[in-house]
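None of these values were measured; they are calculated from a predicted model. Protein chains get the first letters and strands the later ones, always in sequence-line order, with residue 1 at the start of each.
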4 protein chains.
Amino acid sequence: MERGSASAGPATGAETATGSGTAVRHHGNRHGRSEAARMAVLEAADDLLVEKGFAGVTIEGIAAGAGVAKQTIYRWWNTKTDILLDAFLQDAAEAFTPADHGDLAADLRDHLGRLADFLAGSDAGAVFRALLGHAQHDPAFAAVLRARYLDEQRRRDRLPLENAIARGELSAGLDLAFEVDRLVGPLYHRVLVTGDPVDRAFTDRLVDDFLRRPPHPPASAAGGGTP
Amino acid sequence: MERGSASAGPATGAETATGSGTAVRHHGNRHGRSEAARMAVLEAADDLLVEKGFAGVTIEGIAAGAGVAKQTIYRWWNTKTDILLDAFLQDAAEAFTPADHGDLAADLRDHLGRLADFLAGSDAGAVFRALLGHAQHDPAFAAVLRARYLDEQRRRDRLPLENAIARGELSAGLDLAFEVDRLVGPLYHRVLVTGDPVDRAFTDRLVDDFLRRPPHPPASAAGGGTP
Amino acid sequence: MERGSASAGPATGAETATGSGTAVRHHGNRHGRSEAARMAVLEAADDLLVEKGFAGVTIEGIAAGAGVAKQTIYRWWNTKTDILLDAFLQDAAEAFTPADHGDLAADLRDHLGRLADFLAGSDAGAVFRALLGHAQHDPAFAAVLRARYLDEQRRRDRLPLENAIARGELSAGLDLAFEVDRLVGPLYHRVLVTGDPVDRAFTDRLVDDFLRRPPHPPASAAGGGTP
Amino acid sequence: MERGSASAGPATGAETATGSGTAVRHHGNRHGRSEAARMAVLEAADDLLVEKGFAGVTIEGIAAGAGVAKQTIYRWWNTKTDILLDAFLQDAAEAFTPADHGDLAADLRDHLGRLADFLAGSDAGAVFRALLGHAQHDPAFAAVLRARYLDEQRRRDRLPLENAIARGELSAGLDLAFEVDRLVGPLYHRVLVTGDPVDRAFTDRLVDDFLRRPPHPPASAAGGGTP
DNA sequence: CATTAAGCGAGACGGTACGTCTCGTCTTCAT
DNA sequence: ATGAAGACGAGACGTACCGTCTCGCTTAATG
């Protein structure tokens with residue numbers, strides 16, 4: 001899973017790998033949390049998820065796989081889903097800033113295509129689906145998942161539309177949340193509900209359809225809007 | 001949850017786990033399954049789900065709640081999700097045949113509204129979301145869920161469009177699966193992913209939008225079809 | 001184990017668990033106990049004991065092995081040890097009437113040798129040891145075992161001595177129970193407690209020793225009797 | 001059952017399952033076994049045996065009675081009989097070093113009397129009979145029982161005779177195993193087989209008889225002993 | 001420079017639930 | 001009425017993880 005490479009970059013902030021030795025800050029406590037242990041746990045967690053599925057992810061299994069004591073895990077995480085969420089965020093966080101080609105159609109095709117690849121075709125997407133599945137069972141975790149990932153992802157989903165508005169391609173009055181629902185909703189539906197495959201043809205068609213229809217007025221004017 | 005009334009009648013018992021048809025009691029079979037035990041299990045299962053959430057549903061808990069031996073459960077079901085699926089199917093199966101008002105707009109508004117109520121506002125919907133969440137962890141169960149519920153539900157989702165085609169309101173060349181994705185996808189997205197509320201205004205707007213835009217031609221003719 | 005020949009005859013079959021008397025046979029009528037079922041049960045029971053040991057003997061296992069319904073077993077026996085006791089009695093009952101050679105030494109050597117062979121070297125002996133073992137756990141069963149087998153066996157053990165008394169070889173005042181304890185006790189001790197092998201040399205030596213020492217007077221005259 | 005006092009001392013706890021020696025508590029070992037749990041298990045086990053008999057001794061029952069988790073039991077013992085054996089050894093081990101009065105008759109009377117009291121009249125004896133009964137069903141356990149108790153007990157049984165040989169009271173050529181069989185065999189026979197009561201009169205009579213008969217030459221000279 | 005307190009690997013512990021096994025009872029159908 | 005079949009309530013089995021807890025070691029900032 002090449003975790004090391006995912007986080008070594010300047011974007012990740014304080015937690016670098018242990019090898020560097022310089023950036024270990026955390027001066028509040030005596031000698032601070034072991035970065036090696038943290039990485040080993042995250043790596044072991046999604047190795048387990050990929051190998052044996054969600055039910056095969058176990059705190060004890062993670063501890064054994066990471067060569068770490070259970071207590072070390074419990075010191076820093078509360079549940080296995082917290083661990084998986086950390087692992088997921090570390091892998092996936094930067095993967096998604098949509099490009100800005102100066103053209104709404106191109107931006108949307110690009111973004112939806114990459115979203116589809118992520119959701120249906122990547123290891124990280126598998127972890128995400130597992131987390132989203134768990135969120136259906138656990139409202140508290142759902143809130144955490146939203147705060148730590150989904151809200152950010154929705155902002156990214158909105159970005160191409162916002163850029164288009166800034167460019168004047170789209171009217172400023174759009175209900176962006178609704179439009180995003182309409183763009184990505186069918187994609188999530190296929191991935192989460194029907195299980196049908198999602199390919200470029202499908203996502204392009206979604207974009208196509210979105211662009212061909214008259215922009216939808218916001219809810220307050222739902223009754224009478226015209227293009 | 002009024003389970004007794006949901007099945008065809010107190011004496012029926014036809015629905016074994018596979019849900020066959022004719023009403024046999026159980027003296028037609030040589031040594032019959034106890035219908036009372038079956039009902040008690042299903043009832044206990046979704047009582048538990050509602051009271052304590054998915055993680056609180058336990059085979060032992062169901063057995064205790066139903067006054068039934070664990071072995072009786074294991075004789076007829078493999079996993080707790082099988083039980084919940086049976087319970088869900090028994091409650092929810094007939095709830096959804098969409099009406100046919102002879103008018104596509106009315107049919108869609110009605111259907112999407114009822115779908116939203118079901119998904120977001122009913123006990124049965126809570127069970128369904130839990131099952132769908134579990135399906136994200138367990139591909140085998142996902143297949144079962146599709147075979148036993150989702151495929152049927154998708155047929156129901158398609159029905160208003162098919163009726164409209166029969167009436168000539170819509171062109172016969174539509175890619176119904178895609179159109180259904182576009183209708184219900186945003187709804188599922190809100191319920192499963194964003195957690196935003198879904199009300200009549202939202203579903204009506206989805207319908208509205210669907211009707212206002214030119215019907216989308218099938219993929220092969222993506223370039224140009226118009227009504 | 002040749003069970004069939006042991007009980008097929010008209011004289012047998014009477015000893016049901018309830019101990020009724022008449023030989024039912026169930027020849028033409030459909031009432032009455034099935035002798036075939038009874039035999040199959042007994043045979044299956046000690047087949048299981050020999051194959052898988054005492055813990056491997058199970059009512060369900062016997063039923064399966066005998067091709068008989070559990071209820072048929074429960075109708076006629078209370079516990080698995082009752083079945084094993086019936087099986088044992090049927091096999092072993094007639095095996096032990098000690099011969100009367102008109103000579104105490106010969107009679108005792110013969111009897112102890114056969115007893116040793118039985119206890120340590122026969123399938124029936126294995127069943128007997130299992131039953132005796134179970135009797136250590138279950139006083140009620142111990143009582144049944146004594147009533148149905150051990151008392152009779154002790155009578156047989158006494159027989160050579162009684163014959164010798166009748167012949168005048170031994171004094172009539174002997175405490176036979178004590179003398180029998182002294183004859184067979186060491187043998188049982190080896191078989192049940194130490195697990196040391198018992199061969200003819202050992203049993204002959206017991207007899208030898210018994211004969212060489214002055215017969216022990218009864219307790220009341222412990223101080224002085226001589227032959 | 002006064003377990004605390006039976007072991008070498010309240011702080012000892014040296015007896016792991018294997019019963020080694022030095023007193024370590026358990027902060028000498030790196031991650032120590034809980035002595036409290038061990039004691040509670042042993043105590044609960046033979047409380048159960050005394051109260052409800054062998055069949056009433058259950059791992060779950062022991063765990064509940066001891067306030068201990070089942071897994072803690074399975075970590076240290078394999079079967080319930082292992083537990084009972086540990087409990088028995090702890091209670092009974094030191095109870096039996098026969099005294100040495102300098103007189104064979106007195107030593108034997110004393111030893112056999114105490115052995116009879118133990119076997120037939122004590123709680124520990126009840127446990128022992130249960131273990132011996134189980135050994136009839138389970139050869140592997142029989143071997144363990146011999147290695148952990150019976151061999152030692154036989155040494156104790158031999159001791160009075162060995163002392164007498166050392167004193168010159170008995171000839172050095174005796175087959176001690178055989179002589180011990182003859183001394184204690186009748187006692188075990190009564191206790192294990194016939195169920196007849198064993199009192200001092202009986203054991204004294206066994207000793208009496210042993211002493212009155214001419215010492216038996218070893219097997220190799222069985223044919224020709226002299227008085 | 002010793003002290004000392006945090007993090008850590010290790011793993012025993014009291015628990016809960018798992019899925020399996022056998023028990024003894026029962027109902028049904030066929031003979 | 002007996003027997004074959006087998007579902008049922010009951011409950012123990014042995015296993016897997018849970019989350020908590022000591023324990024002894026290491027290590028780095030503090031006094």
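- Mapped onto DNA chain F by nearest heavy atom, A/Thr79 and B/Ala66 fall at different nucleotides, with B/Ala66 at the one closer to the 5' end.
- Mapped onto DNA chain E by nearest heavy atom, C/Tyr74 and D/Val68 fall at different nucleotides, with D/Val68 at the one closer to the 5' end.
- Counting to the nearest Å, the C1' atom of F/dA4 and the CD1 atom of C/Ile73 are 12 Å from each other.
- Of all nucleotides listed (E/dC26, E/dA17, F/dA10), F/dA10 comes nearest to the side chain of B/Ala69.
- Here F/dA12 presents its C1' atom at 13 Å from CG of D/Leu48, a figure rounded to the nearest Å.
- Nearest-nucleotide assignment on DNA chain E puts the 5′-proximal partner with A/Arg75, out of B/Ile59 and A/Arg75.
- Nearest-nucleotide mapping onto DNA chain F: of B/Glu60 and C/Gln71, the residue sitting toward the 5' end is C/Gln71.
- Rounded to the nearest 0.5 Å, atoms CZ (A/Arg38) and OG1 (A/Thr72) are 14.0 Å apart.
- Nucleotide E/dT27 holds its C1' atom 16 Å from the CD atom of B/Glu35, rounded to whole Å.
- Note that the CD1 atom of A/Ile59 and the NZ atom of A/Lys70 stand 8.5 Å from one another [nearest 0.5 Å].
- Note: B/His137 and A/Phe54 have parallel aromatic rings, judged against thresholds of 30 and 60 degrees for the angle between ring planes.
- One interatomic measurement links the two molecules: CH2 of C/Trp77 to C1' of F/dT2, which rounds to 14 Å at whole-angstrom precision.
- Atom NZ in C/Lys52 sits about 7 Å away from atom P in E/dT22, given to the nearest Å.
- Using a 4.0 Å cut-off, no side-chain N or O of B/Trp76 falls inside it from OP1 or OP2 of F/dA7.
- The distance from atom CZ of A/Arg38 to atom C1' of E/dC8 is 17 Å, rounded to the nearest whole Å.
- We find that CD1 of C/Ile62 is positioned 13 Å from C1' of E/dC23, with the value rounded to whole Å.
- Here the nucleotide nearest the side chain of C/Lys70, chosen from E/dG24, F/dG9, F/dG3, is E/dG24.
- Here C/Gly67 lies in heavy-atom contact (under 4.0 Å) with sugar-phosphate atoms only.
- To the nearest 0.5 Å, atom CG of residue C/Leu42 and atom CH2 of residue C/Trp77 are 5.0 Å apart.
- For the atom pair NZ of C/Lys52 and OG1 of C/Thr58, the computed distance is 7.0 Å after rounding to the nearest 0.5 Å.
- Closest approach to the A/Ser34 side chain among E/dG7, E/dC13, F/dC8 is made by E/dG7 (side chain taken as heavy atoms from C-beta onward).
- Using a 4.0 Å cut-off, no side-chain N or O of B/Thr72 falls inside it from OP1 or OP2 of F/dA7.
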